[in-house]
Undergrad: 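Before we start, here is the structure in question, set down as structure tokens.
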Amino acid sequence: MTSWRIPSGGRIDRAKPVRFSFDGKSYTGFAGDTLASALLANGVRLFGRSFKYHRPRGLLAAGYEEPNALVSVTTDGAREPNIRATELEVYDGLVAESQNRYPSLAFDLQAVNQLAGKAFSAGFYYKTFMGPVIGPLKGTRAWMFCESFIRRAAGLGSAGTVADPARYERMNAFCDVLVVGSGPSGLEAARKAVADGKRVILCETNAAFGGSANWAGSDQAGFAETLISDLGANPGVTLLNRTTVWGCYDGNTYAALERVSDHRKQPVIGEPRHRHWVIRADCVVLATGALERPLVFPGNDRPGVMLASAAQRFAGEYGVLPGKRIVVLTNNDSAYDAAAKLRERDALITTIVDVRPTVGDWALAQAKEAGAEVLASHAVVATGGRNSLSSVTVQPFDAEINAFPGPPRRVACDTLLVSGGWSPVVHLASQAGAKPVWDDKLQAFLPPGSSSGWKAVGAAAGEGLEPPAPLFEIKAKRDKAFVDFQHDVTADDVRLAHREGYQSVEHLKRYTTLGMATDQGKTANIPGMAIMADALSKPIPEVGTTRFRPPFTGVSLGALAAERYGDIRPGRLTPMHDWHKSNGAGMYAAGLWYRPESYNRQGESVEDAYIREAKAVRRNVGIVDVSTLGKIDIQGPDAAEFLDRVYTNTFSTLPVGKARYGLMLREDGFALDDGTTWRLAENRFLMTTTTANAGRVMQHLEYHLDCIWPDLKVHLTSVTDQWAAAAVAGPKSREVLAACVKRTKLDNKALPFMGIVHGRIAQIPVMICRLSFSGERAYEVYCGAHHGQRVWDALMEAGKSFDMQPYGLEALGTLRIEKGHVTGAEIDGRTTAQDLHLDWLISKKKPFVGSAMMNREGLTDPKRWSLVGVISLSGEKLRGGSHIVDGPADDPGRSLGHLTAMCFSPLYGKYIGLALVENGTGRIGTRAFATDPARSGTHIPVEFVNHIFYDPKGERMHG
């Protein structure tokens, strides 16, 4: 039995000792211990060194709010830094080490930084290294000289270089009620939801459910155990322990991290290390509790200074006393309860120092049970000791005027428990958009009631919290008084920031780094804001809070990537991807999508295959997967007006059940994207975009809707992944569809060009639009993505009688080049509607995005590059990107433009292409050269022709 372990009690399993090491020394703990509790039980007080001054630091808290006890863990050679010892469960073989020290934790040479005084005050990195001008060290050269040393000293733990051997998973979940926190309030909320027949997910960040019931008292523990047992037996309840809900997003979507196997040396076979959850809930109950705050006073960072609630938790949950001789400093009654509970576990509480002038009867009774002397109207003004606390200095204190009317006295102790009031955990509510509301009685920010999507209960709503005296700092000039323990931000730093003009809390945060550490200011922010408010002579609510952003606690990058480990960028697959691969398709990356390049038969090259496929479409019928097209659902009473503003042509006149080709410009008048938009109902449209531009167009639309026209009643939804689509093109396309589409007429009258009909294929609802990218009669068939393969199979089966062939990107490109359609190769950010011969889409009756800038002098110059067709006169293969020049190979002259796309045309039996060429229209009928000296050394004679090689009147696609 170790010297600080209580003989009995706690939820640890004393029958299962575990061996672990810290800084190379072996220790023993028990199953259920955290690294913090196990080391504390072994008498370890020193856990780390602070970021800037390298001051010795011990445990302050017992959970995720702990700022000091950060360690690195090495597993199978892979090292992970900055893990809180208060959350790391010990297991046999755990290897942990302290951080940010050299050569050892007990003796750190960089502790000399404490002698630097004001050189390391707030903003020192902006000021200290900007000079002086000495010899060659002029201006910023001093910074450049010092930078390498600063970078080596900066940071906390260092990441390892060995590849992470762990496996990670992602999970999506849906529920009626998500309960965050399994303390008494959270358990009760879950019980009520289950009684109402709701599906419930209950998330608890700790290993054991129950929250404060695990250490606050045996009566609460029994209540919690019964409820947890009942909930676990209910099939409608999902219990997730070791799971931290870290982010709140639109639509009541919450992100959570489940630490599945961090408490074991090796995961069970098939088990991941972490699992990342995306939870969509109808209602969320925030039972996130409250965090105890420290008080700011000189020497408040010495190892042995700990939050009173942390000491109570270590004793009640882990069976470990925080020290052998304890003093308590408080401004509220909750510390008295902690003292009494600790005394029940044989802790020696000598003194309770209370800054308040009077103490209530209940608190005095608790102090009596604790056997402690109560010193009202007193404060701790200094602490003694080197790497651990040995004494505190106590002095009479008048909080009203911050005066010390009596002499100080020294009190011997090894532990000082501090309680400065409670801060409800409002982070998730604030991430949801709620602005915290100041409660003057509790001296804390509370969530503002509840919303339609969430509600706070228990301590998270301020219930049951002890009101403290309105005191955050004891201003005694004896030593540094720390606000942010991890980043070494002192009370004087906050006041210095105020003097230097940083009066916004957001500026204060960035200038001093207050609340920017791994704990994100969970114990530091409120005291820091209170000190700033005092400096500004404003009430705390006027100063406000910094913005609460995800993540609430650190999230492993491996969990966010999960199964996508090793990918440089995410790969997107259409619903028919496996069919393409199994039918001989070579897959090609188009943006983030993988698409069939061509379906090569035995002995065929890619060129052979795409020529065959293109011929099949022209002569007969073909089918291509177009699921990758960007798709945006646009709904609302102002949807038509919105489209009129973003497209160059008019969409408000488009009848329901029809589609229209449209062009968008950027604000500067250059072409952004083209595509078709379908009117599905009076106030609903489906916009399609080019595959590569889907994200860019969505951003463009959202920007204008949110920032330029916020008054328009329009809702945009990206539905690219929700629809699977196939285009059936060729003279026999109508016959193929007629063979498998049920309940729908497909003749010219029922389905004219750009018309839309609804029907069924293989009992699956489909939407069909008659439009063409190939120049042939063609139809795009849309269905729900999860039905994509079934509809594709049905189309292929119907096409057997007509020898229908699938075709890939190369054939698709060949068909579009022959037809003169443009893609991203031509809409490259430098071309206008006139350059691309799309000025017929420009409305002269309305303004639209880009209309004010599109007629600038430089954009209407007839000598600009414009789109033309080119034909290889020598029969040589053209190469995309080749320059167009007038001269021969030995004297080519300047570049007149470039080849944007090329193919072998089955129509012409020659290599053809599209090019952007200076005064292109005026060059039709003339000749030049396509030269590529850098890559292929080719210099090919070409003739300029109209960019529409095939069926310029559109008779085939309208037939």
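Quick caveat, the model's predicted, so the values are computed rather than measured.
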Undergrad: Does atom CZ of Phe773 have more than 12 heavy-atom neighbours, drawn from other residues, nucleotides or ligands, at distances under 6.0 Å?
TA: yes

Undergrad: Taking atom CH2 of Trp723 and atom CG of Leu629, what is their separation to the nearest 0.5 Å?
TA: 13.5 Å

Undergrad: Rounded to the nearest 0.5 Å, how far apart are OG1 of Thr648 and CZ of Phe848?
TA: 5.5 Å

Undergrad: With a 4.0 Å cut-off, would you call Asp835 and Arg864 a salt bridge?
TA: yes

Undergrad: Verify salt bridge (charged side-chain N to carboxylate O under 4.0 Å, His left out) between Arg935 and Asp932, making sure each step is shown before the conclusion.
TA: CA-CA 6 Å; Arg935 295 179 295 175; Asp932 188 6; 3.1 Å; yes

Undergrad: Please find out if less than 6.0 Å separates the ring center of Trp792 from that of His580.
TA: yes

Undergrad: Can you list the residues that meet the side-chain contact (heavy atoms from CB on, under 4.5 Å) rule with Thr650, with sequence neighbours excluded?
TA: Asp644, Ser652, Thr653, Ser843, Lys846

Undergrad: Can Glu667 and His704 be counted as having a side-chain donor-acceptor contact under 3.5 angstrom?
TA: yes

Undergrad: Tell me whether the count of non-hydrogen atoms from other residues, nucleotides or ligands lying under 6.0 Å of OH in Tyr588 goes above 12.
TA: no

Undergrad: Taking atom CZ of Arg696 and atom OG1 of Thr690, what is their separation to the nearest 0.5 Å?
TA: 8.0 Å

Undergrad: Check this for me: does any side-chain nitrogen of one of Arg595 and Asp625 sit under 4.0 Å from a carboxylate oxygen of the other?
TA: no

Undergrad: Distance from Phe651 atom CZ to Leu643 atom CG, nearest 0.5 Å?
TA: 6.5 Å

Undergrad: More than 12 heavy atoms of other residues, nucleotides or ligands under 6.0 Å from CZ of Arg572: yes or no?
TA: yes

Undergrad: Which residue pairs pass the side chain to side chain donor-acceptor pair (under 3.5 Å) test when at least one of the two sits in residues 607-622, sequence neighbours left out?
TA: Glu604-Arg612, Ser605-Asp608, Glu607-Tyr911, Arg612-Gln805, Arg618-Glu776, Arg618-Glu818

Undergrad: Would you say the side-chain atoms of Asn583 and Tyr599 include a donor-acceptor pair closer than 3.5 Å?
TA: no

Undergrad: Between OG1 of Thr900 and CD of Glu826, what distance do you get to the nearest 0.5 Å?
TA: 3.5 Å

Undergrad: Between the side chain of Arg777 and the main-chain N/O of Pro731, is any donor-acceptor distance below 3.5 Å?
TA: yes

Undergrad: Does atom OH of Tyr703 have more than 12 heavy-atom neighbours, drawn from other residues, nucleotides or ligands, at distances under 6.0 Å?
TA: no

Undergrad: Can you tell if the side chain of Trp579 reaches within under 4.5 Å of the side chain of Gln789, non-hydrogen atoms only?
TA: yes

Undergrad: May I ask you to check whether Glu810 and Ser598 show a side-chain donor-acceptor distance below 3.5 Å?
TA: no

Undergrad: Atom NZ of residue position Lys631 - does it have more than 12 heavy atoms of other residues, nucleotides or ligands inside 6.0 Å?
TA: yes

Undergrad: Would you say the side chain of Ile817 lies within less than 4.5 Å of the side chain of Ile912, judging by non-hydrogen atoms?
TA: yes

Undergrad: So, do Met854 and Thr832 sit near enough that their side-chain heavy atoms are less than 4.5 Å apart?
TA: no

Undergrad: Do Phe949 and Tyr908 have ring centroids that are under 6.0 Å from one another?
TA: yes

Undergrad: So, are Glu876 and Lys910 salt-bridged, with charged N and O less than 4.0 Å apart?
TA: no

Undergrad: Less than 4.5 Å apart, side chain to side chain, heavy atoms only: is that true for Glu780 and Val728?
TA: no

Undergrad: Could you check whether Tyr950 and Arg956, counting side-chain N and O atoms only, form a donor-acceptor pair closer than 3.5 Å?
TA: yes

Undergrad: Is Arg167 salt-bridged to Glu169, cutoff N-O under 4.0 Å?
TA: yes

Undergrad: Within a reach of under 6.0 Å around CZ of Arg743, are more than 12 heavy atoms found that belong to other residues, nucleotides or ligands?
TA: no

Undergrad: Is Asp578 paired with Lys581 through a side-chain N to carboxylate O contact shorter than 4.0 Å?
TA: no

Undergrad: If you define the side chain from C-beta out and look only at heavy atoms, does anything of Val284 sit under 4.5 Å from Asn252?
TA: yes

Undergrad: Is the closest side-chain heavy-atom distance between Thr677 and Arg679 below 4.5 Å?
TA: no

Undergrad: In terms of side-chain geometry, is the basic nitrogen of Arg830 or Asp828 positioned less than 4.0 Å from the acidic oxygen of its partner?
TA: yes

Undergrad: Could you walk me through whether Ile827 and Leu672 pass the side chain to side chain contact (heavy atoms under 4.5 Å, CB included) test, one step at a time?
TA: CA-CA 7 Å; Ile827 305 177; Leu672 172 66; 5.8 Å; no

Undergrad: Ring centres under 6.0 Å, that's the criterion: do Tyr782 and Trp678 meet it?
TA: yes

Undergrad: Salt-bridged, Arg666 to Asp668, with N to O below 4.0 Å?
TA: yes

Undergrad: Should Lys713 and Asp638 count as an ion pair when the cut-off is N to O under 4.0 Å?
TA: no

Undergrad: Quick check: are there more than 12 heavy atoms from other residues, nucleotides or ligands sitting under 6.0 Å from CG of Asp711?
TA: yes

Undergrad: Quick one: pull up CD1 in Ile632 and OG in Ser718 and give me the separation to the nearest 0.5 Å.
TA: 6.5 Å

Undergrad: Under 3.5 Å, is there a donor on one side chain and an acceptor on the other for Thr574 and Ser627?
TA: no

Undergrad: Check whether any side-chain heavy atom of Val646 lies under 4.5 Å from a side-chain heavy atom of Trp709, and answer yes or no.
TA: yes

Undergrad: Should Val942 and Ile871 count as side-chain neighbours, where that means a heavy-atom distance under 4.5 Å?
TA: no

Undergrad: Between Asp176 and Arg199, is the salt bridge (charged side-chain N to carboxylate O under 4.0 Å, His left out) condition met? List the steps.
TA: CA-CA 5 Å; Asp176 298 313; Arg199 295 172 302 158; 3.4 Å; yes

